[in-house]
Amino acid sequence: MINCSSSVLAIAVFVVWGMWFHCISVAMQERCRALDFVGAFKDKSLNKSIIKNVTIHDEEICQLTCFLEDTCKSYNLGPPVPQPTGEGVVVIKRVCELSSSHHVSHPDYLVSRPGFIYRPSAVS
């Protein structure tokens with residue numbers, strides 16, 4: 001004979017597991033982000049809503065930094081600047097400015113800036 005309390009316990013465990021699974025699924029969907037960078041505006045910069053400035057070595061790191069910043073929609077990449085390390089080695093550094101804005105929403109803020117590249121993400 002099946003005990004009624006064990007049936008209730010089994011149902012309760014199943015319901016809790018289902019709620020946990022649902023919460024994890026929703027949380028994972030909210031954390032998934034697709035960010036496609038399209039085109040490049042040479043000698044341009046978007047001077048609106050800069051949320052972070054970082055110094056990087058190459059553009060891929062700038063794109064990755066933008067991707068990891070939840071509100072980033074575009075970035076400005078500065079020109080390569082050689083910097084000696086003091087050991088006779090010269091490394092190339094670039095400024096990477098992350099923006100929570102986009103030139104489509106704010107075209108008046110897309111300005112001329114020699115040596116920079118403005119790269120927006122695809123507008124969805």
Side-chain angles (χ1 to χ4, degrees):
M1 185 166 158
I2 297 176
N3 188 340
C4 184
S5 63
S6 60
S7 296
V8 171
L9 180 61
I11 292 171
V13 168
F14 181 74
V15 169
V16 169
W17 179 83
M19 289 172 37
W20 174 81
F21 183 76
H22 174 73
C23 289
I24 295 297
S25 297
V26 169
M28 292 304 288
Q29 288 174 359
E30 289 176 3
R31 296 291 299 161
C32 292
R33 183 174 189 211
L35 197 60
D36 293 323
F37 293 100
V38 293
F41 294 74
K42 293 191 184 297
D43 296 319
K44 297 284 185 183
S45 174
L46 187 72
N47 63 354
K48 173 84 174 151
S49 305
I50 301 298
I51 54 175
K52 187 183 270 187
N53 280 304
V54 293
T55 302
I56 49 98
H57 297 287
D58 57 38
E59 186 170 3
E60 289 78 18
I61 299 299
C62 190
Q63 284 186 5
L64 177 62
T65 306
C66 185
F67 176 78
L68 294 174
E69 188 70 37
D70 288 339
T71 60
C72 186
K73 295 180 182 174
S74 64
Y75 64 86
N76 302 315
L77 182 66
V81 177
Q83 293 183 345
T85 63
E87 301 165 355
V89 177
V90 176
V91 295
I92 303 298
K93 302 264 182 150
R94 300 179 90 163
V95 65
C96 172
E97 301 172 341
L98 307 183
S99 175
S100 62
S101 192
H102 203 282
H103 75 283
V104 173
S105 302
H106 303 282
D108 294 340
Y109 290 93
L110 187 61
V111 297
S112 178
R113 196 168 175 194
F116 272 73
I117 296 171
Y118 166 68
R119 194 174 300 271
S121 61
V123 179
S124 54

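Small disclaimer: the values here were computed from a predicted structure and weren't measured.
Note on V111 and I117: separate hydrophobic clusters, where clusters join Ile, Leu, Val, Met, Phe, Trp and Tyr whose side-chain heavy atoms are under 4.5 Å apart, directly or indirectly. No chain of hydrophobic side-chain contacts below 4.5 Å, direct or via other Ile, Leu, Val, Met, Phe, Trp or Tyr residues, connects L77 to I92.
Applying the side chain to side chain contact (heavy atoms under 4.5 Å, CB included) criterion to P84, with sequence neighbours excluded, gives no partner residue. The side-chain hydrogen bond (donor to acceptor under 3.5 Å, both in side chains) test applied to Y75 returns E59, Q63, R119, not counting sequence neighbours. Residues passing the side chain to side chain contact (heavy atoms under 4.5 Å, CB included) test with P79 are F116, sequence neighbours excluded. Applying the side chain to side chain contact (heavy atoms under 4.5 Å, CB included) test to I61 and every residue at least two apart in sequence or in another chain returns I56, D58, T65. Residues satisfying the side-chain hydrogen bond (donor to acceptor under 3.5 Å, both in side chains) criterion with H106, sequence neighbours excluded, are S101.
Atom OG of S74 is separated from atom CZ of F41 by 10.0 Å, given to the nearest 0.5 angstrom.
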For residues 45-54, run the donor-acceptor check on the side chains, cut-off 3.5 Å, and write out each pair with its distance to 0.1 Å, sequence neighbours left out.
unit_1	atom_1	unit_2	atom_2	d
S45	OG	N76	ND2	3.2
S45	OG	R113	NH1	2.9
K52	NZ	E69	OE1	3.1

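Atom OH of Y109 has 12 or fewer neighbouring heavy atoms from other residues, nucleotides or ligands inside a 6.0 Å radius.
For residues 52-73, no pair satisfies ring pair (Phe, Tyr, Trp, His ring centres under 6.0 Å), with sequence neighbours left out. Pairs of residues two or more places apart, or lying in two chains, never qualify as salt bridge (charged side-chain N to carboxylate O under 4.0 Å, His left out) while including a residue from residues 77-86. Among pairs with a residue in residues 36-45, none fulfils salt bridge (charged side-chain N to carboxylate O under 4.0 Å, His left out), at least two apart in sequence or across chains. Residue pairs satisfying the salt bridge (charged side-chain N to carboxylate O under 4.0 Å, His left out) criterion with at least one member in residues 84-96, sequence neighbours excluded, are absent. Residue pairs satisfying the disulfide (SG to SG under 2.5 Å) criterion with at least one member in residues 65-95, sequence neighbours excluded, are listed as follows: C66-C72.
Checked by atom type and distance alone, the side chain of S121 pairs as donor or acceptor with a backbone atom of K73 at under 3.5 Å.
In the hydrophobic clustering, where aliphatic and aromatic side chains (Ile, Leu, Val, Met, Phe, Trp, Tyr) are joined below 4.5 Å either directly or transitively, V90 stands alone.
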